[in-house]
Amino acid sequence: MAKSVFVIAIILALSAIRSTSITITERDLETEESLKNLFDKWVADYGMEGDLDDKAKRFLVFKDNVKYIHEFNKQGHSYHLGLNQFGAMTNEEFQNMYAGGRINHRRIRRGGAIGGRYMSEKVENNISTCFDWRQKGAVNPIKDMRPCGCSGAFSAVASVESMLFIRNVTNILLSLSEQELVDWGFFTAGCNGSSAEASFADIVGLGGLTMECAYPYTGKQGTCQPYFPVANISGVELVAPNNETAFRIAVQNQPISGIFNTSCGFNTGYAVTVVGYCYTIDGNYWIVRNSLGTSWGEGGYIRMNSDFPDPRGLCGILTDPSYPTNIPSPATSTDDHSYSVE
Ligand SMILES: *[C@@H]1O[C@H](CO)[C@@H](O)[C@H](O)[C@H]1NC(C)=O
Ligand SMILES: *[C@@H]1O[C@H](CO)[C@@H](O)[C@H](O)[C@H]1NC(C)=O
Ligand SMILES: *[C@@H]1O[C@H](CO)[C@@H](O)[C@H](O)[C@H]1NC(C)=O
Ligand SMILES: *[C@@H]1O[C@H](CO)[C@@H](O)[C@H](O)[C@H]1NC(C)=O
Ligand SMILES: *[C@@H]1O[C@H](CO)[C@@H](O)[C@H](O)[C@H]1NC(C)=O
Ligand SMILES: *[C@@H]1O[C@H](CO)[C@@H](O)[C@H](O)[C@H]1NC(C)=O
């Protein structure tokens with residue numbers, strides 16, 4: 001019981017899934033030169049903008065992070081941290097970029113958030129049964145919101161894309177525009193923070209979403225561009241909060257937008273989309289889709305322990321769940337079925 005109270009209880013990664021992050025060895029840490037080599041490798045993999053002065057500063061931050069990750073991994077937690085694109089950012093920078101600055105620095109320094117930032121890889125487990133919308137072809141490839149606090153838009157759009165496909169409103173799984181929400185948002189605040197619920201409200205207010213390719217993502221708030229909605233929703237429904245059963249039933253119907261707090265507090269966090277769950281011999285978990293690219297977690301996803309004793313769920317995942325509804329039409333108004341666990 002005590003074990004599952006901690007963030008450590010997050011269950012992660014199949015070894016079959018190859019991590020895209022760089023592996024750190026003892027030798028990499030030995031000398032300044034070996035650290036520099038690792039840094040150069042990281043720069044080559046992830047790229048870095050900025051001048052030489054900036055690069056020198058980044059190297060200092062990078063070294064700290066590498067040491068932190070290595071120490072953490074040596075402690076034998078149930079998940080590993082990996083060196084990904086956030087390798088040369090400080091915690092504060094990471095949090096400010098994605099959370100609109102609402103952070104508790106003292107708490108973050110204790111490690112939770114840096115863990116969230118580098119989540120990666122692997123724990124040995126045996127999957128027995130899963131309900132996974134990805135396996136039904138109902139979930140798009142992972143997107144990357146980059147430095148812009150618009151997780152609400154990404155979470156909402158992912159839920160809408162999947163819902164419209166599952167309800168047969170769209171024949172294929174569309175990729176829809178987050179940028180439309182970032183630029184035009186009324187209830188949301190561009191890159192300064194947004195919730196999934198506010199984003200659903202904006203989608204209704206804007207008369208629907210256009211295609212991703214017609215209104216591509218730029219990673220910053222821009223001026224409003226004209227758009228032609230191709231996908232619409234009728235509104236938003238809330239799942240009963242802090243109720244694991246209600247959440248599970250909701251996920252069986254469609255992916256659900258929820259909140260993930262990287263420092264595992266409960267009040268606020270950033271928005272993610274839960275696309276399924278698994279029961280395993282080692283414990284049960286939610287399959288959580290993030291929008292920080294594929295080098296975060298396991299190809300952009302994490303598995304979060306769903307046997308968490310607090311009703312708010314691990315890292316607050318059950319505190320504020322919501323989902324979009326579709327417009328009933330003669331063809332789709334009888335879609336009251338739910339899917340059984342496979
Ligand atoms: C579960 O994993 C263990 C080793 O970790 C293995 O011995 C066992 O056969 C696995 N069970 C199933 C059902 O896959
Ligand atoms: C969507 O279409 C598929 C294939 O025709 C069908 O199996 C499924 O029940 C439909 N779903 C809804 C919600 O109508
Ligand atoms: C976001 O914050 C910036 C800087 O404070 C401000 O200039 C901008 O107007 C804000 N945007 C929105 C949509 O609130
Ligand atoms: C989309 O749905 C909303 C809510 O039902 C409605 O107000 C809006 O007019 C719809 N947009 C289009 C283009 O039909
Ligand atoms: C949780 O949700 C389930 C399913 O909707 C419901 O039966 C149950 O009463 C709820 N529990 C609480 C404590 O509200
Ligand atoms: C996580 O929760 C803590 C405590 O409730 C809060 O201070 C912090 O701002 C939250 N993190 C994010 C990213 O919102």
Side-chain angles (χ1 to χ4, degrees), residues 92-93 95-103 131 133-139 145-154 156-157 159-174 176-211 214-215 217-238 249-256 268 270-271 275 322-342:
E92 287 74 12
E93 286 169 330
Q95 288 289 326
N96 285 331
M97 236 155 222
Y98 293 104
R102 301 179 309 275
I103 39 168
F131 180 90
W133 282 113
R134 294 175 301 180
Q135 287 169 7
K136 299 169 195 293
V139 183
M145 65 177 160
R146 308 208 294 271
C148 168
C150 59
S151 60
F154 276 84
V157 168
S159 294
V160 170
E161 290 166 344
S162 296
M163 181 276 283
L164 294 174
F165 178 72
I166 291 162
R167 299 280 177 268
N168 293 339
V169 177
T170 57
N171 290 326
I172 55 164
L173 179 64
L174 300 180
L176 300 170
S177 173
E178 293 82 15
Q179 192 65 40
E180 180 190 321
L181 296 174
V182 173
D183 292 350
W184 284 86
F186 178 76
F187 297 108
T188 55
C191 289
N192 299 350
S194 64
S195 70
E197 282 145 51
S199 300
F200 292 133
D202 272 341
I203 294 170
V204 172
L206 295 170
L209 287 172
T210 193
M211 297 289 286
Y215 202 147
Y217 188 64
T218 63
K220 41 184 173 289
Q221 185 174 13
T223 51
C224 297
Q225 303 297 318
Y227 63 93
F228 179 77
V230 297
N232 205 358
I233 63 173
S234 55
V236 50
E237 294 283 340
L238 306 183
I249 293 168
V251 170
Q252 284 171 24
N253 282 313
Q254 67 196 81
I256 301 295
T268 53
Y270 60 95
V275 301
S322 63
Y323 60 90
T325 53
N326 68 308
I327 294 163
S329 71
T332 56
S333 58
T334 56
D335 64 359
D336 197 23
H337 69 283
S338 58
Y339 296 77
S340 56
V341 177
E342 300 171 323

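Read the numbers this way: they start at 1 and go in the same order the structure lists the ligands and their atoms.
- Close contacts of ligand 2 with Ile166, meaning ligand atoms under 4.0 Å from a residue heavy atom, involve 11 (N), 13 (C).
- Checked against the 6.0 Å centroid threshold, Tyr217 and Phe154 count as a close aromatic pair.
- Inclusion of Arg167 in the set of residues having an N or O under 3.5 Å from an N or O of ligand 2 is not warranted.
- At the top of the distance list for atom 13 (C) of ligand 3, counting protein heavy atoms only, stands Gln221 OE1, 3.4 Å.
- Of the protein's heavy atoms, Asn192 ND2, 2.3 Å lies nearest to atom 2 (O) of ligand 3.
- The closest non-hydrogen atom to atom 3 (C) of ligand 4, taken over Asn232, Asn326, Ile203, comes from Asn232.
- Looking at Thr325 and Ser234, their side chains do bring a donor and an acceptor atom within 3.5 Å of each other.
- Using modelled atom types, one finds no donor on one side chain facing an acceptor on the other under 3.5 Å when comparing Gln254 with Ser159.
- Gln225 and Thr223 share a side-chain donor-acceptor pair at under 3.5 Å.
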Open item on the list: Let's go through Trp133 and Ile166 carefully: what are the C-alpha distance in whole Å and the side-chain angles of both, what is the deciding distance for side-chain contact (heavy atoms from CB on, under 4.5 Å) to 0.1 Å, and is it a yes or a no?
Closed with: CA-CA 9 Å; Trp133 282 113; Ile166 291 162; 3.6 Å; yes
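- Looking at every heavy atom in both residues, Asp183 comes nearest to Lys220 through OD1-O, 4.1 Å.
- Inclusion of Val204 in the set of residues having an N or O under 3.5 Å from an N or O of ligand 4 is not warranted.
- There is a protein heavy atom closer than 4.0 angstrom to atom 11 (N) of ligand 3.
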